[in-house]
Amino acid sequence: MKVRAAAKLNLMLDMLKKLDNGYHSLFMVMQSVDLYDTVDVQRNGLGRILIESDSAKMPKDSSNIAYKCAEKFFEDMEISQCGITIRIGKNIPMASGMAGGSADGAAVLYCLNKIYGTGLSHAQLCEIGGKVGADIPFSLTGGTAVVLNTGDIIAPVNPLPDCEIVIVKPNQDVSTKEAYSMLDSLQRLRHLDRVGMLEALSKNDFNAICSKCGNVFEQAVEVSERPYIKSIMRKCGADACLMSGSGPTVFGLFSDKENADRCFNELNKYYENVFKCSAVSKGITEF
Ligand code: ATP
């Protein structure tokens with residue numbers, strides 16, 4: 001069975017508090033975009049989980065998030081016939097803040113539920129996924145949603161008003177773990193206008209949404225190319241531009257398609273990984 005797994009962007013990412021268990025309680029507005037990994041899951045009769053991919057960089061062993069999701073699924077379902085091959089066509093840049101690994105993991109859970117006829121509900125799949133990674137429940141859900149706490153509370157909201165999204169993944173790797181420790185070491189965190197964002201979303205007001213977009217990781221994680229990328233986006237008429245997740249990806253929202261095209265062409269001269277995307281309403285789609 002073959003599916004597409006969508007990348008996500010954070011329209012808002014604020015930190016509410018650090019929890020006693022070391023995790024962070026977050027307030028996020030997440031958006032799926034039409035930048036997809038392809039995930040093909042087939043039974044193999046070998047009695048073990050195999051990962052294959054066109055990406056040389058992605059781990060193919062038990063550290064792969066797709067592998068971990070399959071393992072957790074078999075364990076929770078008490079299935080011993082766990083011979084499957086997972087083929088991942090990697091298009092979502094890795095360690096970028098776009099949750100590519102979580103998307104792959106979500107896709108595997110979605111496929112295994114169908115292949116093994118386990119009939120798990122969406123909420124049950126999210127519960128298994130949440131044990132592997134915080135972004136997996138949203139990757140299973142997709143669309144536009146307010147995501148709270150450690151990713152376990154997901155409230156779908158109105159779809160993002162029609163716009164174009166230009167995304168740049170600068171050539172810098174950001175470790176999510178290090179990004180959180182940099183956030184923790186900040187003397188003072190400037191919080192975002194979360195209520196204002198909720199009001200803007202409920203009114204479908206694109207300009208207001210853009211004015212409320214923000215990511216507290218920008219206060220902690222230095223991405224050397226970020227100011228330059230943002231300056232080009234603004235010059236090209238972006239209505240908002242910000243970093244996604246713990247970075248380094250930077251994206252711009254454009255109400256005007258020609259401005260987005262201009263921005264894409266300009267950034268494409270300087271960066272290897274530039275994408276022009278649209279918001280989509282699903283995390284996982286079947287072929
Ligand atoms: P998030 O936005 O959820 O923090 P991310 O986009 O920053 O995620 P990923 O691309 O999901 O990061 O990958 C983070 C790390 O996880 C990679 O550096 C890689 O070594 C490892 N990894 C494990 N499985 C996968 C996978 N299926 N795809 C990509 N990376 C994976």
Side-chain angles (χ1 to χ4, degrees), residues 3-13 15 23-24 26 28-33 35-41 49-72 84-111 126 129-142 145 147 150-152 154 167-183 215-218 220-221 223 242-251 273 275 277 283-284:
V3 297
R4 285 192 189 91
K8 64 87 181 160
L9 296 171
N10 293 95
L11 301 177
M12 179 174 267
L13 198 168
M15 210 257 276
Y23 286 96
H24 296 76
L26 303 176
M28 298 185 282
V29 178
M30 292 215 189
Q31 176 63 59
S32 315
V33 293
L35 170 60
Y36 299 108
D37 281 353
T38 59
V39 179
D40 184 5
V41 184
I49 304 162
L50 287 181
I51 307 268
E52 294 176 0
S53 178
D54 52 359
S55 161
K57 213 174 139 197
M58 189 188 69
K60 319 273 185 317
D61 59 9
S62 60
S63 70
N64 193 296
I65 298 165
Y67 186 108
K68 287 185 188 169
C69 280
E71 199 174 39
K72 188 52 83 195
I84 54 158
T85 300
I86 304 167
R87 286 188 193 89
I88 301 173
K90 204 79 198 137
N91 299 309
I92 306 171
M94 285 171 52
S96 64
M98 285 192 274
S102 301
D104 299 343
V108 166
L109 290 174
Y110 180 92
C111 291
C126 286
K131 292 180 202 166
V132 179
D135 285 339
I136 296 176
F138 175 75
S139 297
L140 275 160
T141 309
V147 180
T150 54
D152 49 325
I154 300 176
I167 303 170
V168 184
K169 153 75 172 68
N171 221 348
Q172 175 181 334
D173 283 342
V174 172
S175 137
T176 304
K177 204 166 158 238
E178 279 170 30
Y180 274 103
S181 75
M182 286 189 265
L183 197 64
N215 181 347
V216 292
F217 275 109
E218 292 195 30
V221 178
V223 173
L242 64 155
M243 192 168 82
S244 183
S246 53
T249 294
V250 180
F251 67 97
N273 289 302
F275 308 91
C277 291
I284 309 296

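Ligands are counted one by one from 1 in listed order, and the atoms in each one are counted from 1 as well.
Of the candidates Asp61, Asn10, Ile65, Ile65 brings a heavy atom nearest to atom 31 (C) of ligand 1.
Under the 4.0 angstrom criterion for non-hydrogen atoms, Lys57 is not in contact with ligand 1. Heavy-atom distances between Lys68 and ligand 1 stay at or above 4.0 Å for every pair.
A donor-acceptor contact shorter than 3.5 Å links the side chain of Asn10 to the backbone of Gly245. Looking at Ser32, its side chain never comes within 3.5 Å of a backbone N or O of Ala6 through a donor-acceptor pair.
Using a 4.0 Å cut-off between a side-chain N of Lys or Arg and a carboxylate O of Asp or Glu, Lys90 and Asp104 qualify as a salt bridge.
The distance from the NE2 atom of His24 to the CG atom of Leu13 is 11.0 Å, given to the nearest 0.5 Å. Separating the OH atom in Tyr23 from the OG1 atom in Thr150 is a distance of 8.0 Å, to the nearest 0.5 Å.
Considering backbone and side-chain N/O of Gly101, one or more are found under 3.5 Å from N/O of ligand 1. At a 3.5 angstrom cut-off on N or O pairs, Ser246 does not count as close to ligand 1. Looking at Ala95 next to ligand 1, an N or O pair under 3.5 Å apart turns up. For ligand 1, one of its N or O atoms has an N or O atom of Ala99 under 3.5 Å away. Below 3.5 Å of separation, one finds an N or O of Met98 facing an N or O of ligand 1.
Nearest heavy-atom pair, Ala95 versus Lys169, reported as atom, atom and distance to 0.1 Å: O-CE, 4.2 Å.
Applying the ring-ring contact (aromatic ring centres under 6.0 Å, His included) criterion to Tyr36, with sequence neighbours excluded, gives no partner residue.
Within a 4.0 Å radius of atom 15 (C) of ligand 1, the protein contributes no non-hydrogen atoms.
Of all protein heavy atoms, the one closest to atom 19 (C) of ligand 1 is Met94 CE, 3.7 Å. Ranking protein heavy atoms by distance to atom 5 (P) of ligand 1, first place goes to Gly97 N, 3.6 Å. The protein heavy-atom contact nearest to atom 22 (N) of ligand 1 is Pro59 CG, 3.9 Å.
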>> As a quick check of understanding, evaluate ring pair (Phe, Tyr, Trp, His ring centres under 6.0 Å) for Phe275 and Phe251, giving each step before the final call.
In response: CA-CA 9 Å; Phe275 308 91; Phe251 67 97; over 10 Å; no

